[in-house]
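Below is one structure, written out as structure tokens; comments come after it.
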Amino acid sequence: MTLPVQRTRTRTCARAAALGLTAALALGLAGMPAAHAGTERHHRAATLDDLAQKTGRYYGSAVDNPELADTAYADLLGTEFGATTPGNAMKWESTEPQRGVFDFTAGDEIVNYARANGLKLRGHTLLWHNQLPGWLTSGTWTPDELRSILKNHITTEVKHFKGKVFAWDVANEIMNEDGTYRESIFYKTLGPGYIADALRWAHAADPKVKLYLNDYNVEAIGPKSDAYYTLIKQLKADRVPIDGFGLQGHLALQYGFPSGLKENLQRFAALRVDVAFTELDIRMNLPSDTAKLTQQADWYRQVTDACLAVKRCVGITVWGYSDRHSWIPAVFPGEGAALPWDENLAHKPAYDAIHDALAAAAAPPHGKNG
Ligand code: 9MR
């Protein structure tokens, strides 16, 4: 393991130098030697996003609103990463808690945090079967009613965040493992055409924003990723606005590394859509040990390398960057330790593996890829 504190601090020094000492003190960034601040510009260790940017990509982390109060966590996210995704703030139950009554408070908080820290923002998500408000799931809707509700939700939310997010996960997790459509309220009421409609409505509300379909267990070539391949090919043929395919990347050591990952990215890129890892984490059965952390580091390196090998792989987002804040232990009891930083915000071997993979691609002559 390398020196997390050092890397964090050198980046902090950059901010301190840029802000001037008084402002740095006011922000609580003091505590490093002044001489260090003076030489910092020349010696600052590259962050993951610095390196990703050199390859034309971003490196991001999700953030959930309560985590903004953890200032050490929020500061490190703001310095190490170049993009963020709200974990929950832009989901339907948050943004339209009553029919036609919109609340963008939580989403705006993330927008402000992203702006203050110079982070790009991915919008997540306009349409999902989870975290829907009770008024929507408990209602009985005719197709016309539900279509109007969906159109209004998408149009209002996309317009609100227009110019503030660079991409939207328009439809999230719409396929079953066997490649059939998930029987969500939208599918059952509207049929599969709701996906093209959602993309068209989102495009009409913000013609510049990149529109993604996003799912988990689509990293390997198999029935589920095949279904997305077929769907995106058809959407393209029908001239439906679709810009990207998001592979969430919720991996687990005990289930094996997804086979054909790079080839899978390549076949989507060949359909002329961008691809991205949107929610990457690599969990393990607890307790962690050296062997598991080494294997995890190798997997993070392989995922990074797969993205770097495909020109249209535009970036990687981890679903939170530290084991301090992760959804996994609550959902998979006995599993965790999935992120590149530990609970104390110290680097794990995974961090170095990602850093090394990005650095190798960022340094000429290996900077060319495609
Ligand atoms: O990180 C999110 C967590 O805070 C929520 O409790 C959970 C509710 O389902 O959603 C989590 O994020 C999910 C994401 O929106 C879609 N892909 C799976 C993620 C992990 O569950």
Side-chain angles (χ1 to χ4, degrees), residues 60-70 73-74 77 81 83-97 105-107 109-110 113-114 121-134 136-137 153-154 157 161 165 167-177 182 184-186 195 198 202 211-220 224-225 227-228 244-252 255 258 275-284 303 315-341 343:
S61 169
V63 70
D64 204 9
N65 295 66
E67 295 159 11
L68 296 178
D70 180 347
Y73 183 86
L77 198 160
F81 296 91
T84 191
T85 307
N88 290 294
M90 295 185 186
K91 291 172 179 173
W92 200 319
E93 69 176 3
S94 306
T95 55
E96 194 182 357
T105 314
E109 192 180 19
I110 303 294
Y113 167 76
L121 188 55
R122 291 192 88 255
H124 174 81
T125 173
L126 298 172
L127 182 172
W128 191 25
H129 63 280
N130 269 338
Q131 292 179 278
L132 291 170
L136 178 55
T137 50
H153 179 75
I154 289 175
E157 180 155 10
F161 292 111
V165 302
W168 270 111
D169 290 331
V170 175
N172 193 40
E173 302 176 6
I174 56 172
M175 296 287 181
N176 293 316
E177 296 304 299
R182 187 188 287 277
S184 67
I185 184 174
F186 307 108
I195 299 158
L211 304 179
Y212 279 66
L213 302 180
N214 190 55
D215 211 328
Y216 61 90
N217 279 354
V218 291
E219 295 75 28
K224 198 172 186 182
S225 59
Y228 277 99
F245 182 47
L247 300 92
Q248 293 182 4
H250 293 298
L251 307 183
Y255 300 134
V275 290
F277 291 100
T278 53
E279 305 183 13
L280 180 62
D281 46 29
I282 303 174
R283 63 187 188 271
M284 61 185 70
V303 171
I316 298 174
T317 302
V318 285
W319 204 239
Y321 68 89
S322 142
D323 297 333
R324 182 187 288 191
H325 300 293
S326 170
W327 64 288
I328 289 168
V331 176
F332 299 103
E335 298 179 43
L339 285 318
W341 278 257
E343 296 86 349

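Because the structure is a prediction, the values reported are computed rather than measured. Nothing fancy with the numbering, it's 1 onward along the sequence. Whatever order the structure lists them in is the order used to number ligands and atoms, beginning at 1.
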| query | Donor-acceptor pair, Glu219 side chain versus Gly249 backbone, under 3.5 Å? | reply | yes
| request: Report, in ascending order of atom number, the atoms of ligand 1 lying under 4.0 Å from any heavy atom of Lys91. | output: 2 (C), 10 (O), 11 (C), 12 (O), 13 (C), 14 (C), 15 (O)
| message | As an exercise, identify every atom of ligand 1 less than 4.0 angstrom from a heavy atom of Glu173. | response | 16 (C), 17 (N), 18 (C)
| request: Take Tyr255 and Asn217 through the side-chain contact (heavy atoms from CB on, under 4.5 Å) test and state the conclusion after the steps. | output: CA-CA 11 Å; Tyr255 300 134; Asn217 279 354; over 6 Å; no
| field | No-hydrogen, no-angle side-chain donor-acceptor test under 3.5 Å, Asp70 and His325 | value | yes
| request: Look at atom 8 (C) of ligand 1 and say which protein heavy atom is nearest, naming residue and atom and giving the distance to 0.1 Å. | output: Gln131 OE1, 3.1 Å
| field | atom 21 (O) of ligand 1: nearest protein contact (heavy atom, Å) | value | Trp327 CE3, 3.3 Å
| request: Could you check atom 1 (O) of ligand 1 against the protein and tell me its nearest heavy-atom contact, residue, atom and distance included? | output: Trp319 NE1, 2.9 Å
| query | At what distance is the nearest protein heavy atom to atom 18 (C) of ligand 1, and which residue and atom is it? | reply | Glu279 OE1, 3.3 Å
| field | N or O contact, Gln248 vs ligand 1, cut-off under 3.5 Å | value | yes
| field | For Asn172, atoms of ligand 1 separated by under 4.0 Å from a heavy atom | value | 16 (C)
| message | Please give me the minimum heavy-atom distance between Gln248 and Thr278, naming the atom from each residue. | response | CA-OG1, 3.3 Å
| request: If you have a sec, work out which protein heavy atom is nearest atom 5 (C) of ligand 1 and how many Å separate them, to one decimal? | output: Asn88 OD1, 3.4 Å
| query | Do the side chain of Thr317 and the main chain of Ser61 share a donor and acceptor less than 3.5 angstrom apart? | reply | no
| request: Mind telling me whether His250 and Trp327 have parallel, tilted or perpendicular rings, with 30° and 60° as the class edges? | output: perpendicular
| query | Mind checking whether Tyr216 has a heavy atom under 4.0 Å from ligand 1? | reply | no
| query | Can Arg324 be said to sit on top of Tyr73's aromatic six-ring, NZ or CZ under 6.0 Å from centre and within 45° of the ring axis? | reply | no
